[in-house]
Each structure stands twice: as structure tokens, then as C-alpha cells.
Amino acid sequence: MQLKLRLNNEDSPVAEKRVKQAVERKKAVTETMDEAWQRIFAMKNSETDRQRLTEVKAAVASGVIGRHPADVGRRFSKAEALRLWRELQDKQREETLRRMVEQTPPNYWLITDERKLDELLRLLDGEDEIVFDVETTGTDVWKDRIVGHVITAVKADIHAYIPTRHKTDHPQLPNDYVVQRLKPYYENESLGKLAHNAKFDIHMLAREGVDLRGLTWDTQEAMKILNENEPSFALKRLVTKYLGIQSYTYGDLFGKTSFGDVSDLRLALAYAAKDGDVTRKLRDFQRNHLRRFPEMLAYYESVEVPLIKTIVHMESTGYDIDTEYAARYGNRLKVEIDQLHKQLTDVLGDINIDSPLQLKPALSRAIGERLESTDAKKVLKPLAHKYPIVQTLLDYKAKVKLYSTYINVLPDLIDERTGKLHANFNGNGAKTGRMSSGGDGGDGGSVNLQNQPKDARKLFVAPPGYVIIGADWSQQEYRCLAYLTGEPLLVNAYREGKDVYSFMASRIFGVPYEECGDGTDYRKKAKVGLLATVYGTSKYTLALQLGVSVDEADKFLKDLFASMPVVVKWIEGNKRFVRKNGYVWMDKKQRKRRLPDAKNPQAERWQRSRAERQATNAIVQGSAAIQTKVSMNAIYRWCMEKQAQGRDFKMWCVVHDESLILAPDDVTREEVQEYERLMLESYKFGDIPLKTDVEMMYRWGQSVTVDEWFRGIRPEK
DNA sequence: ATTGAGAGCCAC
DNA sequence: AAACGTGGCTCTCAAT
């Protein structure tokens with residue numbers, strides 16, 4: 001009895017806690033600070049935590065900061081260390097701000113009256129280029145507002161800050177007045193403009209009715225050309241790293257305070273004008289480096305820089321979302337999801353189906369098979385025909401994904417002011433130079449326009465009076481491969497206008513072309529095989545994909561390679577090159593993909609193999625992306641020309657190998673042909689013929705052909 | 001409440 | 001340890 005009682009006591013959480021505390025007290029007494037740090041650094045810390053802990057350790061060691069007397073008796077914990085980090089931040093922040101104001105250089109001008117503004121504008125009249133940067137209330141280009149303008153007169157070496165909407169008692173010029181005075185300069189094409197992340201500033205200026213022209217350099221995008229592996233593209237980080245100029249991030253100095261709430265304008269000047277100053281210095285540094293690679297410099301200036309305005313235009317166009325359709329569709333999905341959920345919990349018990357951790361054991365028990373994971377494609381799909389509950393689970397998962405990531409979310413992202421959903425596109429989101437989409441959603445919500453599933457695309461509709469025209473490059477990457485390699489098999493197939501997969505299948509399997517048509521096993525295998533070649537798929541993965549043995553997959557790969565010896569040699573050459581140089585070139589040396597693992601003797605074998613696979617993939621993917629970007633710029637210019645003629649054409653969306661525009665719904669056949677020509681002629685892959693399929697639609701994905709459209713047939717609304 | 005990691009899944 | 005390249009969003013779960 002006594003024993004049992006004692007055990008109960010020991011087991012109770014209260015007792016457990018007491019024991020723990022006792023142990024900790026003992027540790028606090030016995031543990032030195034060095035040991036405490038050792039213990040904390042041995043924990044699984046995130047990269048930011050590790051960084052912070054390192055700073056605190058140094059600050060404690062040098063006596064800048066110390067433990068609170070109340071804490072000294074306790075064990076030094078990671079939590080306490082991170083609390084100290086925050087204190088350290090505050091302390092450093094105040095000190096830094098004070099010093100910054102004190103040390104403001106005389107060529108930093110705070111402009112709060114007309115006389116001084118006049119003086120700046122007279123300077124600008126003698127300039128060839130300026131740096132521009134707007135300070136704002138936040139980072140949402142659709143909701144936030146400008147609170148001040150940074151202008152650097154490059155030749156004069158004057159860096160001005162013109163506050164316009166700060167919450168302060170200090171006098172300042174009204175924003176409308178400043179915009180009206182600056183507008184002629186902002187819009188002057190022959191006055192060059194430099195900026196860091198210009199897309200943001202151009203959007204913000206557009207809000208004020210300014211159409212920025214003459215952009216010549218974006219230091220953020222330039223950095224992505226100079227080193228796509230850079231850990232951070234924030235201006236301050238780059239300036240600190242490459243120019244050796246100590247520069248604090250906005251967060252370091254102001255935390256979460258909106259810049260408009262900075263009431264001390266001397267402080268605002270010291271911070272803001274420095275941006276203009278260092279942006280120009282960073283541009284000079286970057287240009288010096290890029291000049292050693294004339295093709296890269298030319299590509300950057302003629303494609304990447306103009307692309308920024310193209311993207312601003314596309315993002316501004318925005319998307320009309322059919323909210324009624326979304327509501328109906330969403331409700332239906334919700335009902336179906338609830339039904340499926342009930343069926344699942346009836347069998348699996350009261351678990352969270354959405355938690356793989358809970359689902360795996362429950363499902364394993366239900367079907368009596370040990371499961372490796374609950375991955376739908378790899379694990380569940382093959383079991384679906386055997387167990388109805390697995391099929392139910394697959395249906396449930398698919399519907400939940402569609403509902404919670406797309407259908408239920410899209411209507412909430414409509415901007416109240418513009419009535420449209422605005423996506424964010426990142427011009428160099430991928431290290432290969434492809435664009436990415438997402439992020440920057442303002443209040444949490446954000447959307448990726450490049451992974452909308454077919455069913456979600458139906459929510460995107462043309463505005464009244466417009467039609468969406470979509471055009472994709474047929475087999476963009478394989479035509480690019482044919483061009484880059486000169487592989488006769490591919491080149492001949494494209495020259496003769498044949499179906500490449502059928503053509504390949506015919507050669508690999510020694511079967512007549514006619515027997516390798518659409519839907520045949522031969523063609524399917526050739527298609528998977530070509531993909532495998534470019535991606536460097538192993539025989540093991542290929543075996544899984546084709547549903548054959550590893551030996552058969554191996555033989556298939558050998559046959560495939562034998563049919564395309566030039567491609568094989570080319571891939572081997574890429575591997576040799578990347579092993580020797582640590583990077584590869586994309587088409588015409590316009591871009592590099594740096595893969596240092598490939599030539600790093602310290603890297604593991606699997607890391608080197610991965611880098612070698614990435615090398616070939618990056619050349620193809622990156623070169624295709626160049627075609628897309630050059631064409632986007634051409635389409636944008638064309639839209640502007642059409643608009644000048646009173647025809648309202650706009651870029652709507654780009655998804656890697658597909659571009660979509662909005663056209664007036666009285667669009668003519670000639671206008672559609674102009675668009676098609678831009679797709680086919682803006683950027684060629686040598687003399688490999690290009691092909692594009694053009695579709696006309698009111699609702700994304702529900703299309704008619706151009707011929708049908710001009711015969712009077714209309715797609716579903 | 002916020003943050004970060006991991007699993008999973010959408011696109012090309 | 002991974003075995004196919006490039007991305008981004010949602011959800012859970014643990015830690016703070």
C-alpha cells in the first residue's frame with residue numbers, strides 16, 4: 001500500500017516537475033557558463049537561433065550585456081539567451097540610431113520645403129541617371145502608401161530624402177505636390193534609373209499616377225545574375241558583404257515600426273538616403289563584374305531589366321475571380337469532404353485524418369499492412385484497388401487539397417480597391433532563371449499563379465468585354481534540347497513536323513512510326529524516357545515509373561541513349577564541364593548556373609551527382625526560360641503599342657512555357673496572328689522550328705481554337 | 001500568437 | 001543518404 005502510494009506520488013506531474021527543478025538547480029550550481037553554452041549549442045537550433053545565440057555569447061563575454069540578477073540562481077536556458085538577444089537588439093538599436101543621426105554626411109539632404117526641392121531638381125537637370133527608392137507604410141503594393149521619396153543625384157553625389165506622409169510635427173511637403181514635381185523626372189526615359197527591387201517602387205509610384213520610365217539597373221536582379229546562390233538578396237546584406245559598408249536592415253533599426261511612424265526626420269534621412277547612396281555604389285561594383293562577361297551584361301540589360309516593367313504590368317492587370325462559381329463549387333466540395341471524412345473516421349477511429357503522424361498507424365491497422373508513409377502517389381495509389389478505404393482516403397485528400405489551397409482561398413484574395421486578385425511574380429524566382437510566383441500576399445494570404453490545378457483555373461475569368469488568349473510553346477524544352485545538342489533524331493523529328501515521342505519510340509523499339517501513335521505504349525515509354533534523360537533519372541526510379549524491372553529499365557535507358565548518341569555525348573560534356581568549372585552556361589553564355597558541389601572535393605558523392613544532374617537540367621530549363629522572358633517583353637511592348645492605338649491588350653499570366661493575354665472580345669484574326677508571331681519569332685532556337693497552340697477562352701482552361709472562335713463558336717462562360 | 005521544420009501535393 | 005529538375009502553399013506539430 002505504502003509502495004503504491006509512493007509510486008503514485010512519483011508519477012504525478014507535480015512531483016515530476018519538482019524533481020526536474022531540483023535537477024536544474026543542481027545543474028545551475030555545478031554548470032559553468034561555458035558548459036551552459038556548450039549544452040545550448042548542442043541543441044537542434046534553427047539557423048537564426050544559432051546566429052542570435054552566437055551574438056549573445058559574444059555580448060555576454062565582452063560585458064556588453066549581462067544576466068538579470070533574478071535569473072542568476074537558475075540554470076541558463078536557451079530561452080533566457082534569446083531574451084537577452086532581444087535586449088541586446090534594443091540596446092544596440094538605440095545606440096546605432098543615435099550614431100547614425102550624429103554621423104549623417106553633409107551630402108545627405110533632408111528636403112522639407114520648396115526651396116530645397118527646387119535646388120535638388122536643378123541638380124537632376126544635369127544628371128544622366130538617378131537612384132530612386134520610395135519609403136512606404138509597408139510592403140503590400142496594393143494597400144500600402146508612399147511616405148517619402150529617396151532620390152540620389154549620381155554625378156553630384158547628393159542623396160536626398162523627401163518625407164511626405166510621416167506622422168510628425170516637423171513640417172514636410174505634401175505627397176501630391178512632391179509627386180507632381182518629381183513626375184517629369186520619374187517619367188523621363190532618357191534619365192536613367194537605378195533601384196534595388198525596382199518592381200516594388202514602380203508599383204508604389206504607379207499608385208500615385210507615375211509611370212516610371214528609363215529603368216537601367218536593378219541591384220537585386222543583377223545579384224541574381226551574378227550569384228544565384230546568394231543566401232540573401234537584401235540590399236543591406238549585399239552592401240555589407242560586397243562593399244564592406246556596415247549597413248543595418250530595416251528590422252534591425254526599426255523593428256516592426258512603419259516608416260511613416262518615424263517622427264524624427266533626421267533619423268528618417270540618415271536611414272533612407274543611405275539606401276540611395278549604397279545602391280549606386282553596389283551598381284558600380286556589379287557592373288564592373290558583369291563587364292567581364294559581355295553576353296551576361298547584355299542579357300541582363302536587354303532582357304532582365306525590361307522584364308521588371310513587364311511583370312509590373314502583368315501583376316497590375318490582375319485576375320477576375322468568379323466568386324459565385326467559387327461559392328457553389330466550394331460548398332459542394334465541403335459537403336463531399338464532410339461525407340468522406342465521416343466514412344474515414346468510421347473506419348479509422350476518431351483521429352485527425354490530415355495528420356500523417358496519426359493517419360499512418362490508423363490506416364496500417366485498418367488494412368492490416370505496414371505502411372512506409374501515407375504518400376498518395378507512392379504508397380496509397382497502388383493499394384487503392386485492394387482496399388476501398390484507401391480509395392476513399394485518396395478522394396478525400398484530393399478534395400481537401402483542391403478546397404483548402406485553391407477554391408476556398410482565391411475569393412478572399414481579391415483586393416477591395418481594384419476588385420481583382422493580384423499575384424506576385426518573381427522574375428528570377430528559380431536558380432535556373434525561371435520565374436516563380438507566390439509570396440508577398442500582404443496580410444498573410446498569397447497565391448501561386450503557376451500551380452493552379454485545372455479545376456481551380458475555372459475560377460479565373462475574363463473581365464466583361466474581354467477574351468483570354470493563351471499560347472503555349474509546344475515542347476519548349478525538347479526543342480531547346482534539339483537546338484543545344486543538334487541531335488539528329490530530335491532535329492529531324494522537329495524539321496519534319498513529326499511527333500517527337502512517336503519518332504523516338506519508332507527508333508528505340510525498331511517499330512514503324514505509324515505504330516507509335518498517340519496512346520500507344522511505345523510512345524508513352526519514349527515520353528517518360530526523354531524526360532528521364534534530361535532530368536538524369538536513375539534506372540531504379542525509371543523502373544518504378546514504367547512499372548518494369550530494374551534490368552528492363554536499364555536496357556530501355558541503354559536503347560534510348562543508343563538512339564540519341566549526340567545527346568548522351570552532350571550530357572557527358574556538361575558533366576565534365578561542371579566538374580572542372582563549378583558552373584554551366586545557358587544559351588549563348590547569357591546566364592550561368594553555379595554548382596560548386598560539382599567541383600568540391602569535400603562534397604559527398606551524392607552531392608556531386610546531384611550537381612551533375614542539375615547541370616544538364618539547368619542548361620535546358622534556363623535556356624527555355626530565356627525564350628519565355630524575351631517573348632514576354634516583346635508581348636508587353638506589343639500590348640503598349642496596341643493600347644496606343646486604342647486597343648486594350650494586356651498581359652495576364654505566364655506559366656513557364658505558356659503565356660496568356662487579355663484581348664478585347666472583338667479581337668481580329670490579324671491581331672491573334674500578331675500575338676502568335678511574337679511567340680514564334682521573339683527568340684529562336686537556331687533553326688529548330690517552333691510551334692505554339694493558341695486557345696481562346698472566357699474561363700481559364702475552357703477554350704475553343706482560333707478557327708472555331710472566328711467561325712463564331714464561343715467557349716463556355 | 002508566432003515561428004520553423006517536415007510531410008504532402010499542386011504546377012511546368 | 002539518395003536514387004528526377006525547378007518552384008510555392010497548407011497542414012500538423014513542437015518550441016517559444
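Values below: every heavy atom of this structure, side chains too, minus hydrogens, waters and symmetry copies. Naming: A, B, ... by sequence-line order, numbering from 1 per chain.
Side-chain N/O atoms of A:Thr374 include one lying less than 4.0 angstrom from OP1 or OP2 on B:dG8.
Spacing between atom CG of A:Asn352 and atom P of C:dC11 amounts to 11 Å, rounded to whole angstrom units. Between A:Gln450 atom CD and B:dC10 atom P there is a gap of 17 Å when expressed in whole angstrom units. Look at CG on A:Asp412: it is 15 Å from C1' on C:dC9, rounded to the nearest Å. Distance OH (A:Tyr406) to P (C:dC11): 12 Å, rounded to an integer number of Å. Put simply, CZ on A:Arg593 is 7 Å from P on C:dT6, counting in whole angstrom units. For the pair A:Glu228 CD and C:dG5 P, the computed distance is 17 Å after rounding to whole Å. As a whole-Å value, the separation of A:Tyr478 OH from C:dG5 P is 14 Å. A straight line from CG of A:Leu531 to P of C:dT6 spans 13 Å, rounded to a whole angstrom.
Looking at residues two or more places apart in sequence or on another chain, you find a salt bridge (charged side-chain N to carboxylate O under 4.0 Å, His left out) between A:Asp415 and A:Lys143.
Salt bridge status for A:Arg594 with A:Glu230: absent, with no side-chain N to carboxylate O gap under 4.0 Å. Ionic pairing of A:Asp338 and A:Lys342 is not present here: no N-O contact between side-chain nitrogen and carboxylate oxygen is shorter than 4.0 angstrom.
Within a 6.0 Å radius of NZ in A:Lys527, other residues, nucleotides and ligands contribute 12 heavy atoms or fewer.
Residues of residues 599-611 of chain A having a heavy atom closer than 4.0 Å to DNA chain C, listed by number: A:Trp606.
Annotation: A:Phe577 is in aromatic contact with A:Tyr583 [ring centroid separation under 6.0 Å].
The side chain of A:Pro453 lies closest to B:dC10 when the candidates are C:dA3, C:dG7, B:dC10. For A:Pro356, the side-chain atoms get nearest to B:dG8 when compared with the rest of C:dC13, B:dG8, C:dC11.
Residue contacts for A:Arg457: at a heavy-atom cut-off of 4.0 Å it reaches the sugar-phosphate backbone alone, with no base atom in range. Counting any heavy atom pair closer than 4.0 Å across all strands shown, A:Gln621 reaches a base atom. Among the heavy atoms of the strands lying under 4.0 Å from A:Ala376 are primed sugar atoms or P, OP1, OP2 only; no base atom is included. If you check every strand for non-hydrogen atoms under 4.0 Å, A:Asn426 touches nothing. A:Arg613 comes within 4.0 angstrom of sugar-phosphate atoms only, judged by non-hydrogen atoms across all strands, and of no base. At the heavy-atom level, A:Glu477 lies nowhere under 4.0 Å from the strands shown. Among the protein residues, A:Thr616 comes within range of no part of the nucleic acid, since none of its heavy atoms lies under 4.0 Å from any strand. A:Lys539 comes within contact range of no nucleotide atom at all, as no heavy-atom separation falls under 4.0 Å.
The base of B:dC10 lies outside donor-acceptor range of the side chain of A:Lys401, with no N or O pair under 3.5 Å.
Comparing the P positions of C:dA2 and B:dG8 gives a spacing of 14 Å, expressed to the nearest Å. Annotation: C:dA1 and B:dA7 have their P atoms spaced 15 Å apart (nearest Å).
A cation-pi arrangement is absent between A:Lys420 and A:Tyr319 under the rule of less than 6.0 angstrom and at most 45 degrees off the ring axis.
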* Let me see the working for A:Arg593 and A:Glu228 under side chain to side chain contact (heavy atoms under 4.5 Å, CB included), right down to the final yes or no. => CA-CA 7 Å; A:Arg593 172 74 176 104; A:Glu228 71 283 359; 3.2 Å; yes
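By the 30° and 60° cut-offs, the orientation of the rings of A:Phe685 relative to A:Tyr683 is perpendicular.
Nearer the 5' end of DNA chain C, as judged by each residue's closest nucleotide, is the contact made by A:Gly536, out of A:Ser436 and A:Gly536.
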